[in-house]
Undergrad: 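Structure provided below as structure tokens; questions to follow.
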Amino acid sequence: MIDASPLTVQAEDGHRFELLARVPTQPRARLLWLPALGVAARHYLPFAEALAARGVAVYLHEWRGNGSSSLRPSRTQDWGYREILTQDLPASLARLPDEGLTPLIIGGHSLGGQLACCFAGLHPQRFARVWLVASGTPYWRTFPAPRGWTLPLVYRFLPWLARRQGVLHGRKLGFGGTEARSLIRDWSRVGLNNHYAAAGMAVDLEAGMRELRGQATAVVMDADWLAPVGSMQGLLDKMPGMRAQRDVVSAQMLGARADHFAWMKTPEAVVQRLFHSFE
């Protein structure tokens, strides 16, 4: 039997959202999962249900400004990595039921995977495993030419556009949703210099990731131009103390195009590879 009751979460600054859950009767592990930029948590329910069927309790975090979030970005509502790492994710973590010695995993898709690594570095005693799917650093040098050569221009243009408009209207550009301008600023800086930092936050996120110990399992889609192998490896390289396993999934394995998003509807091949390192 699987419990599908959502958990209500409120961050210290008053931000409210739901933590979608799929919890088997006797979970063998717990997973806090972070979505991709602009993707609501509900879109990961097939993934969560496939994991719950194998005994993993899954809790789907909701990005500030998306889905069930009580906030929406605007000229007067803005946030970046700092609010996510110090407000929202601690609030989600605090709502996870205590299952004793049940292992706690953190993971994510795309930007969610990046911030999962940053958050794990802030709480190294809480997480012994990191699961990454279609993720990786946005640093332009980790992308193959000639696409990688164009990215510095993108990383300068998008923050400028977001400042000018008050938000980034990502859906019009085919990138994310309606995004807070400071979030785009923090993300773009990583793309330019490969250094994770949150404006207004003094903690060294890079140092925290270097101190992590445990297992990192990464799944790359072989037709994913948004998170190619080099990008994923660049993110794994930031965690040298983690035992890393990286798998590439093809369309034949997935039963769908192996791009950045299609796996979410047919997640079984991804789930199998995540469990290969777990069992």
Side-chain angles (χ1 to χ4, degrees), residues 31 33-51 54 58 60 63 66 107-117 130-155 157-158 168 170-177 179 184 187-188 190-192 194 216-239 244-278:
L31 170 66
W33 185 258
L34 283 57
L37 181 71
V39 180
R42 65 181 181 274
H43 294 296
Y44 294 90
L45 287 174
F47 175 63
E49 288 160 1
L51 285 168
R54 291 173 177 254
V58 182
L60 302 174
W63 284 135
N66 211 339
H109 173 205
S110 197
L111 178 62
Q114 299 171 51
L115 292 187
C117 295
V130 176
W131 283 359
L132 305 170
V133 180
S135 187
T137 172
Y139 183 44
W140 68 275
R141 290 187 183 275
T142 64
F143 286 72
R147 182 177 296 114
W149 301 339
T150 69
L151 290 177
L153 295 175
V154 173
Y155 297 144
F157 173 69
L158 292 182
L168 183 71
R171 300 210 188 282
K172 295 180 180 179
L173 302 171
F175 175 77
E179 306 298 344
I184 296 302
W187 169 80
S188 295
V190 182
L192 289 170
N194 201 30
T217 305
V219 181
V220 180
M221 305 297 141
D222 74 353
D224 187 358
W225 67 270
L226 287 169
V229 170
S231 171
M232 179 72 88
Q233 189 58 50
L235 182 57
L236 293 173
D237 288 345
K238 292 180 176 295
M239 303 178 287
Q245 175 179 320
R246 193 189 73 202
D247 287 324
V248 178
V249 171
S250 67
Q252 183 178 7
M253 297 173 185
L254 195 64
R257 180 172 170 77
D259 62 16
H260 202 59
F261 296 109
W263 69 270
M264 296 164 60
K265 295 182 179 179
T266 57
E268 189 58 35
V270 172
V271 169
Q272 288 176 2
R273 276 146 190 84
L274 293 172
F275 262 85
H276 182 69
S277 66
F278 185 67

Undergrad: Which atom pair, heavy atoms only, marks the closest approach of Met221 to Val133?
TA: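 What the structure gives for the nearest pair is CE-CG1, 3.9 Å.
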Undergrad: How long is the straight-line distance from CG of Leu236 back to OG1 of Thr217, given to the nearest 0.5 Å?
TA: 9.5 Å
Undergrad: Phe275 and Leu51: side-chain contact (heavy atoms from CB on, under 4.5 Å), yes or no, with the steps?
TA: CA-CA 9 Å; Phe275 262 85; Leu51 285 168; 3.4 Å; yes
Undergrad: How close do Thr137 and Val190 get, counting heavy atoms only, and between which atoms?
TA: OG1-CG1, 4.0 Å
Undergrad: Closest approach of Ala134 and His260, non-hydrogen atoms and distance?
TA: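 Closest pair (atom of Ala134, atom of His260, distance): O-CE1, 3.0 Å.
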Undergrad: Return the minimal non-hydrogen interatomic distance between Val249 and Met253, and the atom names on each side.
TA: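 Heavy-atom minimum between the residues: CA-SD, 3.8 Å.
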Undergrad: Could you walk me through whether Val154 and Phe175 pass the side-chain contact (heavy atoms from CB on, under 4.5 Å) check?
TA: CA-CA 11 Å; Val154 173; Phe175 175 77; over 6 Å; no
Undergrad: Which atoms form the tightest heavy-atom contact between Trp33 and Gly108, and what is the distance?
TA: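 Looking at all heavy atoms of both residues, the closest pair is CZ3-N, 3.2 Å.
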Undergrad: In the structure I gave you, are the side-chain heavy atoms of Asn194 and Arg141 within less than 4.5 Å of one another anywhere?
TA: no
Undergrad: Taking atom CZ of Arg246 and atom CG of Leu235, what is their separation to the nearest 0.5 Å?
TA: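 Rounded to the nearest 0.5 Å, the CZ-CG separation comes to 12.0 Å.
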Undergrad: For the ring pair Trp263 and Phe47, is the centre-to-centre distance below 6.0 Å?
TA: yes
Undergrad: If you round to the nearest 0.5 Å, how far is CZ of Phe157 from CD1 of Ile184?
TA: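 Taking CD1 in Ile184 and CZ in Phe157, the distance rounds to 12.0 Å.
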Undergrad: Quick one: pull up CZ in Arg54 and CG in Leu274 and give me the separation to the nearest 0.5 Å.
TA: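 Here the rounded value is 9.5 Å.
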Undergrad: If we ignore hydrogens and angles and just use 3.5 Å, is the side chain of Ser110 paired with the main-chain N or O of Ser135 as donor and acceptor?
TA: no
Undergrad: Ring centroids only, cut at 6.0 angstrom: are Tyr155 and Trp187 within range, meaning strictly under it?
TA: yes
Undergrad: Ring centres of Tyr44 and His109 under 6.0 Å apart?
TA: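 Yes: the rings meet the under 6.0 Å criterion.
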Undergrad: With distance as the sole test, does Trp63 use its side chain to make a donor-acceptor pair with the main-chain N or O of Pro35 at under 3.5 Å?
TA: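 Checked: pair present.
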Undergrad: Supply the atom-to-atom distance Lys238 NZ to Cys117 SG, rounded to the nearest 0.5 angstrom.
TA: 10.0 Å
Undergrad: Just wondering, do Pro228 and Val220 contact through their side chains at under 4.5 Å, heavy atoms?
TA: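 Of all side-chain heavy-atom pairs linking Pro228 with Val220, none is under 4.5 Å.
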Undergrad: I need the minimum non-hydrogen distance between Pro138 and Leu151, along with the two atoms involved.
TA: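 Shortest heavy-atom contact: O-CD1, 4.5 Å.
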Undergrad: Just do the side-chain contact (heavy atoms from CB on, under 4.5 Å) check on Val270 and Leu254 with the steps written out, would you?
TA: CA-CA 8 Å; Val270 172; Leu254 195 64; 4.3 Å; yes
Undergrad: Under a 3.5 Å distance rule, please check whether Glu179 uses its side chain to pair with a backbone N or O of Gly177 as donor and acceptor.
TA: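 At least one qualifying donor-acceptor pair exists.
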Undergrad: Verify, without hydrogens or angle tests, whether Gln245 (side chain) and Ala216 (backbone) share a donor-acceptor contact under 3.5 angstrom.
TA: no
Undergrad: Quick one: NZ on Lys265 to CG on Leu45, what's the gap to the nearest 0.5 Å?
TA: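 Nearest 0.5 Å value for the NZ-CG distance: 13.5 Å.
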